Every structure is written in C-alpha cells, then in structure tokens.
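Read through the structure below, which is laid out as structure tokens, and then see the notes.
Computed from heavy atoms alone, side chains included, the values below leave out hydrogens, waters and symmetry copies. The chains referred to below are lettered A, B, ... by the order of the sequence lines, with proteins before strands, and numbering in each begins at 1. None of the values given here were measured: they were computed from a predicted structure.
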Amino acid sequence: MGLLSTIKERIFGRRPEKPPENPEAKPESKPEVKPAASQPQTKPEVKPEAKPEAKPEAKTARSKPHRKPEEKPEVKPEAKPAASQPQAKPAVKPSDVKVNEKVEVVQKEEKPVAEKISIGELHLSGCTGCLVTLADNYEGLFKLLDDYADLVYALTLVDVRHVPEMDVCLVEGSCCLNDKLSVEELKEARAKSKVLVAYGACAAYGNITRFCRGGQWNQPGHEAFVPISEVVDVDLYIPSCPPCPQQVRNVAVMAYLLLKGNDEQKSLATAYLTPLMQLAQRGNEACGCDLMYDVINQSLCMGCGTCAGTCPVRAITMEYGKPNVNRDQCIKCGACYAQCPRSWFNFDVMNNYEGIMGAIKGAMQ
Amino acid sequence: MDVLGNYKSAISARSTDKDITKKSQDGGIITTLFAYALEEGIIDGAIIAGPSDEPWKPQPMVATTKAELLAAAGTRYTISPNLSLIKEATRSYGLDRVGIVGTPCQIQAVRKAQLYPIGMRDVDDKIALALGIYCMENLSYQALEAIVEDHCNQKMESVKKMDIGKGKFTVYTERGAVSQMPLKLIHKYVQPGCNVCLDYVANLADISSGSVGSPDGWSTVFVRSMKGNAVWDGAMAAGLFETKPMDQVKPGLDLVKKLATEKITKNQKNVDARKTIGLKADGTPKGLRNPYESP
C-alpha cells in the first residue's frame with residue numbers, strides 16, 4: 001500500500017512546480033479521486049489521455065517503480081489514473097483512494113514540504129540490502145518522508161537519473177575503481193551534498209567486497225573495490241551489514257534537527273551524531289580484530305557480550321567472558337566495534353537516553 | 001550526574017517470596033521483579049545469568065518461567081555476557097518484550113544498543129525492563145577459580161555460596177566450612193576493563209539493586225526510569241516486597257554514596273592516567289584510546 005502511495009505522492013508533490021502543462025489534468029484528477037471506487041468512470045478518462053504516449057502507460061501497468069519515464073510533466077497528471085487502472089485486484093482500490101486524497105493534502109501544504117531536508121541514496125557496489133533497510137522502517141519511512149525528509153534520489157524508489165543537489169546523501173556500496181561511472185557519480189554526490197554518509201558496511205569499510213579479486217561475471221575486470229572514503233571525504237558512518245533500520249531512522253531525524261531545528265535541537269543532534277562522525281575519521285578498515293586491537297589490547301574489554309550479540313554473521317562467541325572472533329567468518333562490517341560500549345560511550349547523550357528515545361518515538365508518531 | 005545517577009526513589013527492600021529469598025544473594029529483588037514482570041506480561045522473557053556445565057560459571061540464558069529464574073538466582077562473581085543474547089532473544093526466542101539484568105557496564109551497553117542500534121536491528125523498542133546490579137569490579141572465571149581454590153582452599157564444586165561484604169570475600173561450602181580472604185588481595189585479579197568504569201549502581205537501569213547500604217538479607221533499590229517506576233509500583237501493590245525507608249536502615253545511603261564516589265574517583269584517575277601513559281619523540285606524553293572521548 002504505502003510504498004506505492006509514497007511514490008505517487010512524490011510525483012504529485014512535485015507537480016506544482018510545472019503545473020500548467022496540462023490544464024485539464026487538475027480538474028480531471030480531482031473528481032476522479034472520489035469516485036475512484038467506481039472504475040468505469042476513471043478508465044475511459046484515463047485511456048484517451050494515456051494513449052498518445054503509449055510508452056508511459058505500458059510501463060506503468062507493469063512495474064510501478066519505473067512508472068515515471070522521461071516526460072515527467074506529462075506523465076505526472078496521468079500517474080494517478082494510471083495507477084487506478086490495474087485495479088483488477090480489488091485490494092488495490094482503497095490505497096488508490098487514499099493516494100488521491102493525500103495528493104490534495106500535499107498540494108495544500110506546501111510549506112511543510114519546503115521545511116524538509118532532502119535525502120538521496122547513491123547506489124554503488126552493494127547488494128541493495130541497505131536500501132531495503134531504509135524501507136524496513138515500514139510506516140516509519142512514510143513518516144520520515146511525510147514530515148522530515150524528501151527522498152530525492154534512490155534506485156527504484158525515485159525516478160531521478162542524475163545525482164541531484166541534496167542535504168544528506170547516503171552512499172550504499174563500495175566504490176569500484178575500475179568502473180568510471182561509480183567514481184564519477186561518487187564525486188558528484190560529494191560535490192552536491194552537504195552531508196555524505198557511508199551507509200552500510202560496504203561504503204564504510206568495504207565489507208565483503210574487500211574479498212573481491214575480480215574474475216566474476218559479468219564484469220571480470222572489476223576487481224578493485226574500495227570504501228568510499230578512499231575516493232571522497234565522508235562525514236558520517238553507519239556501519240553494519242545490513243545497517244539497522246532504527247539507526248538510519250535516528251540519523252535521519254537527527255540530521256533533520258541539525259539542519260532545521262532550533263538551537264537546543266541542534267546541539268542535541270550534534271552530540272548524537274558526533275561519535276558517528278568520529279567513526280568516519282577513524283579510518284576505513286574494520287574487522288572483528290578491532291575487538292582485539294582497540295578494545296582488549298587497549299585494556300578496555302569488560303566482557304559484556306555486545307559484540308557477540310551484534311555480529312550479523314555470528315562470527316563472535318564469548319569464551320570465558322571475552323570475545324573470540326572466527327576470522328574466516330568475519331565479513332569486516334564493523335558492527336561489533338561500533339556497537340561495543342567501550343568503542344565510545346558519550347555520557348552526555350546516553351544519560352539522557354529516556355528523553356532522546358521518547359523524542360524519537362514522538363517524532364515518528 | 002550524581003554518582004548515584006538519577007532516581008525517583010531509593011528503598012531498602014526484601015522479597016516476600018520465601019522460595020526466592022532461600023536462593024537469592026540478598027533481598028531477591030531481581031528474581032522477584034522478573035517473576036512479577038513475566039507473570040504480568042510486562043516481559044515475555046528475561047536474559048539472565050543461568051547455570052552452565054562448569055561450577056559457578058554463569059551462562060547467559062533466556063528465562064521464560066519462574067523455575068528458570070530460580071535456578072539462576074544468586075550472584076556469581078564472574079562475567080556473564082548477557083548482551084550476547086539481546087538480539088537473539090528477539091529473534092530465535094521471538095520475544096517482543098525483553099527483560100535483561102546486567103552490571104552497570106552491561107546496562108550502558110543496552111542503552112547504547114537502543115540509542116545507536118548499529119547492528120541491533122529491531123531491538124531498541126523491545127527492551128521492556130533493564131535491571132542493574134551494583135558492581136565494584138568483576139573477575140574472569142579463571143580469577144574466580146584462583147581466589148576460591150588457591151586462596152580460600154575450597155573446590156569450586158563444593159561451594160554453596162560466595163559473598164562479598166565487610167571488606168572480605170567469603171566462601172561457604174556445602175559441608176559448612178567458611179573460608180575468607182581480604183578483599184584488597186583480590187585486586188590483582190580484577191579484569192582490566194573494569195578499571196575505566198565510571199558507574200557503580202547502574203545509573204542507566206530502569207531499576208538497580210544491590211546489597212550495599214541495607215542490612216543483611218535486604219537490598220538497596222533505586223527506582224530510576226518511568227518504566228522502572230511503573231513496574232516497581234505494580235510489584236509493591238502486589239505485595240511482593242517488604243520495604244523500609246533508606247533513612248531508617250543501617251548503614252544506609254551514605255555508604256552507597258561513599259563506595260560509588262570511591263569507585264568513580266579511582267577509575268576517573270585511571271582514565272586520566274591513560275592519557276599520559278606513554279612518551280612521544282618530542283617529549284610530550286602519548287596516550288591510549290579513551291572510550292569516553294571518541295571511538
């Protein structure tokens with residue numbers, strides 16, 4: 001239901017920018033909205049419109065993400081009716097109705113939209129697990145997109161082909177040096193974003209792409225994969241493979257507070273984000289060995305078990321109260337070290353855990 | 001923050017459940033609270049230090065019944081990495097509301113996992129009750145063996161109870177023997193990670209409990225968070241605890257405060273000393289990593 005509607009909302013949210021393209025569209029679309037339940041009305045209206053541009057229609061019917069092809073201004077007005085077409089399944093109807101209602105709301109309140117920050121996701125050599133993680137916030141994602149952030153760039157979720165200007169750019173995947181486009185897009189994302197986030201372990205630490213030596217299909221020549229910080233400056237890390245939906249949610253809310261909040265909120269967001277930014281300064285190599293080098297060897301481990309609990313591949317077991325890493329199993333995602341309470345522990349934030357968690361919960365309602 | 005952390009109330013308490021106080025270390029607070037929370041559906045299960053196949057070596061486990069709680073009651077003075085089950089409890093065990101008990105550092109880890117859930121998917125809102133126990137320092141299992149077997153001359157498997165109090169580490173055996181050693185001799189066995197710990201009474205727990213400050217068989221309880229308050233009020237209303245105000249028990253809150261201040265002052269010195277432990281080529285000090293400053 002929701003993902004579709006959000007995508008539509010995005011299309012319509014943008015519509016006011018170039019409204020007079022199709023003067024009929026607006027009056028038409030609104031009346032359609034309410035009787036949407038009665039299919040016969042919508043269909044005839046849709047088809048005559050849609051036919052002139054056969055391409056968009058064909059695409060829309062099948063895969064929704066691809067629905068918005070080249071001619072945006074024209075497609076936008078159609079998008080609504082087009083969506084109501086595949087109503088073969090009755091289950092789709094309610095969501096369509098909702099969508100259309102939402103459209104009106106979005107058009108009314110332009111201000112809140114302007115207050116949002118813009119977030120994009122640049123997809124490099126990753127498995128899309130990070131992007132899926134973003135969606136794993138479920139209704140939380142819609143809340144984020146409704147109130148705090150515009151998703152301006154993301155594979156399959158947003159039909160924007162070229163890296164746009166944005167406040168926060170989440171970069172997923174490591175950068176393949178043998179792929180010119182990856183390097184160029186990464187640099188472009190850096191130039192066009194205020195905050196560049198290494199989103200997920202591949203972007204931050206290379207993760208499993210660290211083990212790539214080329215020779216794989218269908219790009220045997222692609223063998224050099226590096227964490228993005230080898231190519232561009234990175235502001236903030238969100239490690240782990242996959243990253244945690246709640247973590248990216250927290251970062252998004254805090255980024256919103258940082259860029260749009262009052263002074264108090266800004267200082268909270270700064271305090272919250274600081275360790276994740278320091279993590280980006282720390283370097284781009286991660287491994288279960290970090291627990292040895294930077295915790296146990298530093299005389300800091302007290303055996304709480306967090307690393308074993310957090311490891312996504314269960315490479316860590318606790319032996320007599322200390323972590324034991326199966327290094328062959330470790331994918332170098334950096335989760336264990338980042339989650340360890342002795343990698344960093346900022347009392348100024350943690351002592352206020354009740355308030356901050358309450359605030360985030362409140363923000364998501 | 002004060003050395004005792006934020007709290008809504010401090011009470012001296014003892015469980016009214018005889019089954020629990022028979023097995024518990026002091027007032028049976030943690031066991032009783034978890035039993036109550038399980039009963040009431042506040043938690044679906046609790047991560048506790050369960051028994052293992054070696055004597056006095058705890059193994060983290062997810063308890064879902066009072067019998068399991070009872071089997072794990074009492075203190076074992078060594079590490080139980082309870083956090084290692086925190087994500088597992090929400091997955092393999094399918095718990096939506098998790099209870100967890102831990103030392104101050106472990107409760108810190110719980111809060112970090114909630115605020116920065118980097119590798120802790122879907123955990124943050126499932127921590128329903130985090131109970132903390134006071135902790136001055138902890139021992140590795142091998143250190144505990146050395147203390148019990150070498151210093152106190154008792155076999156691990158023959159020990160019925162271990163206790164720390166009044167400056168002594170005491171071992172009670174099944175056959176009635178009592179062996180003691182001065183607490184200060186234990187210091188060399190303390191795990192090094194404890195020397196930078198700046199929390200004595202689990203400041204970030206929902207409720208924290210420990211023997212210090214209350215008479216024998218009683219515990220000093222700090223009720224800290226909103227959640228903790230609700231659970232405590234419920235347990236009190238259910239008649240699960242007998243209580244005394246802290247200002248009417250000996251040795252009272254002053255001792256807790258004294259020990260907390262001692263620990264934190266000592267360890268803050270250790271943290272500071274780490275900054276100047278080494279020497280750079282230019283003659284200025286070279287430091288170790290400080291977890292309270294940056295990763």
| Does B/Lys8 come within less than 4.0 Å of B/Asp233, counting only side-chain N to carboxylate O? | no
| task | Name the region of B/Asn82, side chain, backbone, both or neither, that has any atom closer than 4.5 Å to a heavy atom of chain A. | result | backbone
| message | Between B/Gln106 (side chain only) and B/Thr103 (backbone N and O only), is there a donor and an acceptor less than 3.5 Å apart? | response | yes
| task | Take atom OH of B/Tyr292 as the centre, draw a 6.0 Å sphere, and report whether it contains more than 12 heavy atoms from other residues, nucleotides or ligands. | result | yes
| query | Should the heavy atoms of other residues, nucleotides or ligands under 6.0 Å from NZ of A/Lys143 be counted, would the total exceed 12? | reply | yes
| request: Measure the shortest side-chain to side-chain distance between B/Thr78 and B/Trp56 over non-hydrogen atoms and say whether it is less than 4.5 angstrom. | output: no
| said: I'd like to know if the side chain of A/Arg249 reaches the main chain of A/Met364, judged simply by a donor and an acceptor atom lying under 3.5 Å from each other, with no hydrogens or angles considered. | reply: no
| task | Please look at A/Asp348 and chain B and tell me whether the side chain, the backbone, both or neither of the residue comes under 4.5 angstrom of a heavy atom of that chain. | result | neither
| query | Thinking salt bridges, do B/Asp272 and B/Lys269 make one under a 4.0 Å N-O criterion? | reply | no
| What part of A/Leu300 gets closer than 4.5 Å to chain B, counting heavy atoms only: side chain, backbone, both or neither? | both
| For A/Ile316, is it the side chain, the backbone, both or neither that has a heavy atom under 4.5 Å from a heavy atom of chain B? | neither
| message | So which residue, B/Met120, B/Glu137, B/Lys227, ends up with the most heavy-atom pairs under 4.5 Å with chain A? | response | B/Met120
| query | For A/Ala204, does its backbone N or O pair with a side-chain atom of A/Tyr237 as donor and acceptor, under 3.5 Å? | reply | yes
| query | Between A/Phe345 and chain B, which part of the residue has a heavy atom less than 4.5 Å away: side chain, backbone, both or neither? | reply | both
| message | For B/Asp122, which atoms come within 4.5 Å of any heavy atom of chain A: side chain, backbone, both, or neither? | response | both
| Where does the angle between the aromatic ring planes of B/Phe222 and B/Tyr134 fall among parallel (under 30°), tilted (30 to 60°) and perpendicular (over 60°)? | tilted
| For B/Leu115, is it the side chain, the backbone, both or neither that has a heavy atom under 4.5 Å from a heavy atom of chain A? | both
| request: Considering only heavy atoms and a distance below 4.5 Å, find which of A/Gln298, A/Met318, A/Met357, A/Arg314 pairs most often with chain B. | output: A/Gln298
| Which bit of A/Thr274 is near chain B, if near means a heavy-atom gap under 4.5 Å: side chain, backbone, both or neither? | neither
| field | A/Ser174-A/Arg210 side chain donor-acceptor pair, cut-off 3.5 Å | value | no
| query | What part of A/Val251 gets closer than 4.5 Å to chain B, counting heavy atoms only: side chain, backbone, both or neither? | reply | neither
| field | Contact winner vs chain A - B/Gln59, B/Glu293, B/Arg274, heavy-atom pairs under 4.5 Å | value | B/Arg274
| task | Select, from A/Pro275, A/Pro341, A/Ala338, A/Cys244, the one with the greatest count of heavy-atom pairs under 4.5 Å involving chain B. | result | A/Cys244
| said: If I measure from the heavy atoms of chain B, does A/Arg342 come under 4.5 Å with its side chain, its backbone, both, or neither? | reply: both
| request: Among the options A/Gly303, A/Cys307, A/Cys336, pick out the one with the most heavy-atom pairs lying under 4.5 Å from chain B. | output: A/Gly303
| Between A/Ser299, A/Pro323, A/Cys301, A/Gly321, which residue shows the highest count of heavy-atom pairs closer than 4.5 Å to chain B? | A/Ser299
| task | Give a yes or no on whether B/Glu157 atom CD has more than 12 heavy-atom contacts from other residues, nucleotides or ligands under 6.0 Å away. | result | yes
| Where on A/Lys361 is there a heavy atom nearer than 4.5 Å to chain B: the side chain, the backbone, both, or neither? | neither
| field | Side-chain donor-acceptor contact under 3.5 Å, B/Gln114 with B/Arg111 | value | yes
| What part of A/Glu354 is in contact with chain B, defined as an atom under 4.5 angstrom from a non-hydrogen atom: side chain, backbone, both or neither? | side chain
| Quick one: of A/Ala335, A/Cys333, A/Pro239, A/Gly334, who has the most non-hydrogen atom pairs under 4.5 Å with chain B? | A/Pro239
| said: Heavy-atom pairs under 4.5 Å with chain A - which of B/Gln142, B/Gln191, B/Arg289, B/Lys87 has more of them than the others? | reply: B/Arg289
| task | Against chain B, work out which of A/Ser240, A/Ala308, A/Gly309, A/Ser343 has the most heavy-atom pairs shorter than 4.5 Å and name it. | result | A/Ser343
| message | Is a donor from one side chain sitting under 3.5 angstrom from an acceptor on the other, for A/Asn346 and B/Tyr116? | response | yes
